[in-house]
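Comments concern the structure below.
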Amino acid sequence: MAKSLESVKQFYNDIKDQYTEYILRCVPRYSEMQWAVLHYIPNGLKPRNILEIGCGTGNLSTLIIKEYPESTIHLVDISDKMIEHCKDKFSDREKIKYYCNDFRNLDQDIPDCDLVLSTISIHHIRDNEKQILFKDVYKKLTENGIFCYSDQFSSFDDEIYRKNISAWEKESKEKGASDSEWDMWMQHQDDHDHHAPLTEQINWLKNARFKNVECVWRHLLWTVLIALKK
């Protein structure tokens, strides 16, 4: 049975110090997926404000800072320990704002943004909440703004989904994940995750009035979608 987001917060607080090493072992092609989230942003976009939903330990944030050094970056995460980690990690940066809150209710202090990004976070909320979030992101974006996110997706076919999970386990263990690590993530998935199929998420984005919604990268469960506000 899925648990509350407060339980999600506690989970990530507990693994803060090991999060990145866990992810690198247990998420196949993680670095490639991070690359894809930024690679497909239009070259002409010059974002003044960027919002990252679910910043974690700042792995994507690091790439955002490198790609858009002049932008003000707004980092949101439900875990206070992750926010503290990012504050330490980016202590030399002035143009970063931090918000420790549930991203189902985006902080009113966050200004309208030209770019909204997220990596492996949105699956922690239920499907009806995803649809509300997509509408909130649309409202938060400026005209011609971009929303791009990576996440874990399910399938309409249960057998395909099971095969994706099996291939995921094989790849993770080949990269050094232990049985206990794998079991931890599977328990986390049972407790906290709400995967939804690709086609449904594309339709939810379109229903939120996004244009040019496209899947630009995919491997097993992990998928990157990009959408335009116009």
*Flag side-chain contact, heavy atom, 4.5 Å: S172 against P28*: yes
*Pick out which of H195, H194, H192 makes a ring-ring contact (aromatic ring centres under 6.0 Å, His included) with H123.*
H195
*Nearest 0.5 Å, what's the CD1-CG distance between I226 and L38?*
9.5 Å
*Do I122 and I132 belong to the same hydrophobic cluster, where Ile, Leu, Val, Met, Phe, Trp and Tyr are linked whenever their side-chain heavy atoms lie under 4.5 Å apart, directly or via other members?*
no
_Whether S71 side chain and I50 backbone form a donor-acceptor pair below 3.5 Å_ = no
*In terms of hydrophobic clusters joined by side-chain contacts under 4.5 Å, are I120 and V216 together?*
yes
*Quick one: CG on L141 to CG on D114, what's the gap to the nearest 0.5 Å?*
8.0 Å
*Candidate pair Q152 and Q189, rule side chain to side chain contact (heavy atoms under 4.5 Å, CB included), full reasoning*: CA-CA 10 Å; Q152 293 166 273; Q189 181 165 294; 3.8 Å; yes
_Do S155 and P197 have side chains that approach each other closer than 4.5 Å (heavy atoms only, starting at C-beta)?_
no
*Give the minimum heavy-atom separation between I202 and L225, together with the two atoms involved.*
CG1-CD2, 4.0 Å
*Measure the CG-CG distance between L198 and N203 for me, rounded to the nearest 0.5 Å.*
9.5 Å
_Heavy-atom donor-acceptor pair, E129 side chain to R126 backbone, under 3.5 Å_ = yes
*Assign the ring pair Y149 / F153 to parallel, tilted or perpendicular, where the plane angle (0 to 90°) is split at 30° and 60°.*
parallel
*Which atom names give the shortest non-hydrogen contact between G58 and C86, and what distance separates them?*
N-SG, 3.6 Å
_Is it the case that over 12 heavy atoms from other parts of the model lie below 6.0 angstrom from the NZ atom of K95?_
yes
*State the CZ-CG distance between F90 and D92, to the nearest 0.5 angstrom.*
9.0 Å
*Quick one: do V224 and C148 satisfy side chain to side chain contact (heavy atoms under 4.5 Å, CB included)? Show the steps, please.*
CA-CA 7 Å; V224 177; C148 188; 3.7 Å; yes
*Could you state whether I41 and M33 fall into the same hydrophobic cluster, counting links through intermediate Ile, Leu, Val, Met, Phe, Trp or Tyr residues with side-chain heavy atoms under 4.5 angstrom apart?*
yes
*Would you name the heavy atoms of Q34 and L60 that are closest together and state the gap between them?*
NE2-N, 3.3 Å
*Taking all atoms of both residues into account, what is the closest heavy-atom pair of L45 and N144, and its distance?*
CD1-O, 4.3 Å
*Validation row, ring centre F210 to ring centre F147 under 6.0 Å*: yes
*Heavy-atom side-chain proximity of L24 to S31 below 4.5 angstrom*: yes
*Flag if over 12 foreign heavy atoms under 6.0 Å of NZ, K97*: no
*asked:* Between E143 and K230, does any side-chain N to carboxylate O distance fall below 4.0 Å?
replied: no
_Do L117 and L115 have side chains that approach each other closer than 4.5 Å (heavy atoms only, starting at C-beta)?_
yes
_Can you confirm if the aromatic rings of H219 and W222 lie within a centre distance of less than 6.0 Å?_
no
*Do D151 and T223 touch side chain to side chain, with heavy atoms closer than 4.5 Å?*
no
*Flag the pair W168 / W182 as yes when their ring centroid distance falls below 6.0 Å, and as no otherwise.*
yes
*Could you tell me whether K175 atom NZ has more than 12 heavy atoms of other residues or ligands within 6.0 Å of it?*
yes
*Can you name the nearest heavy-atom pair linking K140 to I110, along with the distance?*
NZ-O, 2.7 Å
*Please collect all side-chain hydrogen bond (donor to acceptor under 3.5 Å, both in side chains) contacts where either partner lies in residues 44-56, sequence neighbours excluded, each pair once.*
N49-H74, E52-S61
*asked:* Are the side chains of K229 and T142 in contact, using a 4.5 Å heavy-atom criterion?
replied: no
*For N101 and N105, indicate whether the former's side chain and the latter's backbone hold a donor-acceptor pair under 3.5 Å.*
yes
*Please step through side chain to side chain contact (heavy atoms under 4.5 Å, CB included) for the pair I125 and F103, ending with a clear verdict.*
CA-CA 9 Å; I125 60 177; F103 58 72; 3.8 Å; yes
*Derivation of the side chain to side chain contact (heavy atoms under 4.5 Å, CB included) call for I64 and T62*: CA-CA 5 Å; I64 296 171; T62 300; over 6 Å; no
*asked:* Distance check, rounded to the nearest 0.5 Å: K130 atom NZ versus H124 atom NE2?
replied: 10.0 Å
*Non-hydrogen atoms of H85 and T57 that approach each other most closely*: CD2-O, 3.5 Å
*asked:* Quick one about Y98 and D77 (side-chain donor to acceptor, distance below 3.5 Å, no hydrogens or angles considered), yes or no?
replied: no
*Would a 4.5 Å heavy-atom cut-off, applied to side chains only, mark I146 and V116 as touching?*
no
*asked:* Contact between I83 and C55 at the side-chain level, heavy atoms closer than 4.5 Å - yes or no?
replied: yes
*Do Q131 and D127 get their side chains close enough for a donor-acceptor pair, meaning under 3.5 Å?*
no
*List the steps and the verdict of salt bridge (Lys or Arg N to Asp or Glu O under 4.0 Å) for D136 and R104.*
CA-CA 9 Å; D136 289 343; R104 292 176 302 179; over 6 Å; no
*How far does CD of Q201 sit from OG of S154, to the nearest 0.5 angstrom?*
7.5 Å
*Would one find more than 12 heavy atoms of other residues, nucleotides or ligands at under 6.0 Å from atom CD of E174?*
yes
